[in-house]
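Let me begin by presenting the structure, written as structure tokens, before commenting on it.
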Amino acid sequence: MTTYTSAIDDQQLERLQGVVHGDVVQPGDPDYDEARKVYNAMHDKRPAIIVRAVDTGDVVAAVDFAREQGLMLAVRGGSHSVSGYGTCDDGLVLDLGRMRGIRVDPQARTARAEGGCTWADLNHATHVFGLATTGGVVSSTGIGGLTTGGGMGYLARRCGLACDNLISVDMVTADGSFLTCTEEQNADLLWGVRGGGGNFGVVTSFEYRLHPVADILGGPTFYPLDGDVMRRYRELIAESDETFSALLAVTLGPRLPFLPERWHGRPLCGVVTCWTGPEDRDDQVRARLGELGPVVGQHVGRMPYPVINTLFDEELPAGLFHYWKGTFSRGLPDGAIDAYTEFGATTPTIQSATVVFPIDGACHRVGPEETAFAYRDADFSTALSPTLPTRAECEDTIGWARAFHGALKPYSQEGGYVNFMDQDDQDRVEINYRQNYDRLTMLKQRYDPGNLFRLNHNIEPWMIYSKGSVIVGDQ
Ligand code: FAD
């Protein structure tokens, strides 16, 4: 087991500074305060060292240094971790944000992207070839955390989760080894990073399968907050082919020109559509949206696929205060719809929208043990995400989120999506990985027995939960 210290050997630090091609930032450096910031302002941490890596050599040097010096290690890609796992006090932050190279092979329909890319980077690079893969619905989210946790987005029904489209990864593991992981080579590790989070090492590059997706019909349609709208949304998803997807958002009316002023700030249902089917069926899609309920505002049109993934960007800049909870559900039970209606009425801010992602279709065609992502029978994944301008206001809404989550519990599966969990959900890790937990623990024992990569929804290497009893291994 790694024991964490804060005394850093000066000579070794000098050596690290000499080896690293990127930056080694420390307290007192002019850019320290900027370099230590993460997306969720709830996590105001003061690392001892921030390595802003530019290549694999820097990653190996940082991992070796953290391990040898007994430092807590935080790995940061796009910095969107709601639980703040991309930073820590007194330890080493390995920031991949400068590793953003991408190579697309349009013939093979694949893309290889470095570990610090955002979805804006990847969508931009692939769109020029009329290709895309499933990614997050906010463009500044990192591919690193999103893919390793599973990865839901508009294309999930048609193309599967982001991790289902992962063909291979290059990784640096806890002992500083560099491994390429494919279906043929180090296949166990590839299995683990397809949903097992950042538990097994630092992915320096991800290779994705791409799909023909160019322009889409997309955008939001708003209705009054009403259970009947949600029931019709449920029917719409169930009866639509996989080229149609739409997020359900329980939100407050945004101040946008297409929404009449009287709805600004009032509780609403939003259905954010992404139709990747043929243009000559656009009118049918619009007509179905019109049947969900009385439309109070709509902004749906043809747009390049990358654009649909920027619609929320402006509302969700870095520096706001977030607290999240997540659930999975089979279908969208009436009891859950009642909870959305009740708690949706007191949604604290526009940014605090409760978002329901459909994850049926192609996500269900992958077996529950084929990847580390366990909930292949879930139809919907919900994020409850109070997001406020100040820490105090955010802390005031945590009770609301917990009560809302509690009201959804009878209608939800036991586990939830690790990427929608906050730090206080660590005790749900085992159930979040369900039948895959023991295999993940064994993988962790093999590749990270000292738990160097522990700032994540942590699979502890010394715990095997078997048939209800806890076997505690060597610590
Ligand atoms: P970071 O904070 O940089 O990383 C989080 C953790 O991921 C790290 O601590 C590390 O454990 C791991 N990690 C990151 N990069 C690497 C790497 N290269 N190698 C190994 N491990 C790595 N999720 C969805 O599925 N779909 C969405 O549409 C979606 N939208 C979101 C929108 C917002 C505004 C936010 C805040 C989150 C959203 N999420 C979504 C959740 C998101 O998937 C997680 O927050 C995810 O951790 C973000 O990844 P990141 O690289 O930006 O985060």
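Every number for a ligand or one of its atoms is a count from 1 in the order of the listing. For reference, positions follow the sequence shown, starting with 1. Values in this document were obtained by computation on a predicted structure and should not be read as measured data.
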Verify the ring-centre separation between [Y] and [X]: is it less than 6.0 angstrom?
| X | Y | value |
| --- | --- | --- |
| Tyr39 | His322 | yes |
| Tyr447 | Phe200 | no |
| Phe373 | Phe328 | yes |
| Phe357 | Phe420 | yes |

*Counting heavy atoms only, which of Val59, Asn419, Leu161 is nearest atom 42 (C) of ligand 1?*
Asn419

*asked:* Counting only nitrogen or oxygen atoms and a 3.5 angstrom limit, does Ser79 reach ligand 1?
replied: yes

Write out the residue and atom name of the closest protein heavy atom to [atom], then the distance separating them to 0.1 Å.
| atom | value |
| --- | --- |
| atom 25 (O) of ligand 1 | Tyr417 OH, 2.6 Å |
| atom 29 (C) of ligand 1 | Leu146 CD1, 3.9 Å |
| atom 5 (C) of ligand 1 | Ser81 CB, 3.5 Å |
| atom 8 (C) of ligand 1 | Val75 O, 3.0 Å |
| atom 52 (O) of ligand 1 | Gly142 N, 2.8 Å |
| atom 49 (O) of ligand 1 | Gly145 CA, 3.2 Å |
| atom 19 (N) of ligand 1 | Val203 N, 2.8 Å |
| atom 31 (C) of ligand 1 | Thr141 OG1, 3.8 Å |

Pair [X] + [Y]: basic N to acidic O under 4.0 Å:
| X | Y | answer |
| --- | --- | --- |
| Lys325 | Asp425 | yes |
| Glu114 | Arg100 | no |
| Arg36 | Asp44 | yes |

_For ligand 1, the portion of Leu455 having any non-hydrogen atom under 4.0 Å away_ = backbone

*Just let me know how Trp324 lines up against ligand 1, side chain, backbone, both or neither, with a heavy-atom cut-off below 4.0 Å.*
side chain

*asked:* Under 3.5 Å, is there a donor on one side chain and an acceptor on the other for Thr110 and Arg209?
replied: no

*asked:* Taking only non-hydrogen atoms of Gly150, do any sit less than 4.0 angstrom from ligand 1?
replied: no

